[in-house]
Amino acid sequence: MGRRLEIDAVRGLMLVWMVATHLPTFLPTYTNQPFGFVSASEGFIFLSALFTGRIYFRLAERDGYPAMRRKILLRTLRLYGYHALLLAFAFLVAVPIASRGNRPQLHNLLDYYFTAGPKQAISEAFLLIYRPPLLDILPMYILFLLFTPLLLTIARRAGWSAILAGSATIWFLAHLGVREAEHRFVNRVLRVPIPINEMGSFDFWAWQFLWILGLWFGVRWAQGNLPIEKWARRALVPALMVAAVLLPLRYAVGRGVELGAFEPLFDKWHFGFVRLINFAAVAVLLIRFQAVLKPLAVRPLVLLGQASLQVFCVHLLFTFAGLTLLGNAAMLSAWKQIALLAATLGAMLLTARIFSKSESKVETKNERAGESQLPSTPTRPGSGIESPALQFESELVSGHNGPANISFR
């Protein structure tokens with residue numbers, strides 16, 4: 001149940017994967033869903049939910065559910081603050097550049113701003129109604145966090161079966177048009193005339209299923225009731241069969257093979273059924289052959305994973321910078337691509353180092369205080385296992401196993 005640096009490294013790898021996919025370089029040709037019908041977004045959301053469930057369940061069990069709700073609210077407000085800063089950058093820096101007319105890619109990201117006008121676009125963006133491309137995953141993340149205390153409270157009283165069944169039902173209904181109904185509600189009742197595509201690419205009603213699955217796994221992990229290695233052994237053969245079919249199909253689509261009427265099953269933004277199966281298969285293979293992950297636990301990737309939220313925001317800033325550099329060109333020159341990649345990765349690593357260092361100081365201070373304040377749990381002599389309460393205090397303060405490396409003190 002202790003810290004797993006290789007999982008932090010995987011989260012860091014997800015961020016590098018996102019960078020390679022989002023920056024206007026030659027890399028997206030090779031990094032856009034290279035493992036089948038699965039992307040870094042699924043891993044980012046699931047792992048965030050996993051650690052959220054684990055840490056906040058343990059917090060609730062130790063300090064009470066009111067304390068847990070208060071901590072999540074503070075964390076949500078901080079996330080909203082990061083999102084607000086990104087919006088301010090987009091409206092104050094990117095908009096003036098895009099308005100000149102010689103940056104079509106940048107202009108396309110903010111076309112609603114120019115159509116609806118500054119007053120409407122800015123107010124709706126800060127209300128999380130208008131979600132420009134690239135800035136649409138954080139609003140969904142924020143909404144997930146807002147509902148998390150309620151879900152953990154209901155799970156405590158009624159168990160997870162009803163929650164999982166309800167979430168799966170909502171996911172199914174999402175493919176029957178729940179998002180379209182939400183759009184009509186926003187337009188008619190709230191009187192906000194916004195196109196549905198400007199409300200973000202991700203379908204909240206479909207992606208909530210992945211978040212709730214992650215929460216459930218995280219709670220079971222905290223309870224010591226998550227035999228994932230056993231599950232992975234049993235599901236190995238089906239997972240290999242799924243991967244053997246979907247991986248070549250991924251590269252065949254558009255090259256002589258068309259999905260046609262089955263395309264919704266593969267759709268990323270609505271989290272189609274095939275994507276769910278593909279994600280589960282990849283997860284099973286990674287768990288079954290997790291020894292492959294251990295060499296990934298190099299310090300740069302671990303640092304990126306431990307400061308995932310701040311690093312994610314920085315990578316968005318450099319994506320906007322890349323689109324600005326692109327101008328009217330179809331592709332950046334080779335040296336500009338290399339410089340952009342180097343600057344982006346360097347800034348991400350610097351951000352990770354800054355936040356990890358500051359959080360490390362807080363961790364050390366609170367861990368020492370916790371030695372005299374927290375009740376100790378006996379361990380076997382020489383076992384090297386620290387008190388679970390003290391270990392939890394360390395994780396909670398440092399954020400090293402949390403979704404965004406944020407201090408709660």
Check your understanding: According to the interplanar angle, ranging from 0 to 90°, do the rings of Phe273 and Trp171 count as parallel (below 30°), tilted (30 to 60°) or perpendicular (above 60°)?
Key -> tilted
*asked:* Looking only at side-chain N and O atoms, does Asp111 offer a donor or acceptor that is under 3.5 Å from a partner on His107?
replied: no
message = Donor-acceptor check, side chain of Glu124 to backbone of Ala121, threshold 3.5 angstrom: yes or no?
response = no
> Would you say the side-chain atoms of Arg103 pair up with the backbone N or O of Thr324, donor to acceptor, closer than 3.5 Å?
Replying inline: yes
Residue pairs passing the ring-ring contact (aromatic ring centres under 6.0 Å, His included) test with at least one member in residues 283-309, sequence neighbours excluded, are none
- With a cut-off of 6.0 Å (strictly less than), are more than 12 heavy atoms of other residues, nucleotides or ligands near CH2 of Trp205? no
Quick one: does any side-chain atom of Asn225 pair with a main-chain N or O of Arg220 as donor and acceptor, under 3.5 Å?
no
Per side-chain contact (heavy atoms from CB on, under 4.5 Å), Leu215 is matched among Trp160, Tyr56, Phe57, Phe51 by Trp160
* **Pair Glu198 + Arg131, salt bridge at N-O below 4.0 Å** => no
Next on the checklist: Under 3.5 Å, is there a donor on one side chain and an acceptor on the other for Gln223 and Arg58?
Outcome noted: no
Separation between CG (Asn278) and CZ (Arg275), nearest 0.5 Å, reads 7.5 Å
Those residues at least two apart in sequence (or on a different chain) that pass ring pair (Phe, Tyr, Trp, His ring centres under 6.0 Å) with Phe318 are none
| field | Any donor-acceptor N/O pair, His315 side chain to Phe312 backbone, under 3.5 Å | value | yes
**Prompt:** Between Asn32 and Pro28, is there a donor-acceptor pair closer than 3.5 Å when you use the side chain of the first and the backbone of the second?
**Reply:** no
### Query
Judged by modelled atom types alone, do Tyr112 and Gln120 share a side-chain donor-acceptor pair under 3.5 Å?
yes
So salt bridge (charged side-chain N to carboxylate O under 4.0 Å, His left out) across residues 291-320, not counting sequence neighbours, yields Glu6-Lys294
Open item on the list: Closer than 3.5 angstrom, by distance alone: can the side chain of Gln33 be matched with the main-chain N or O of Ser39 as a donor-acceptor pair?
Closed with: no
Exercise. Is the number of heavy atoms from other residues, nucleotides or ligands under 6.0 Å of Phe114 CZ greater than 12?
Worked result: yes
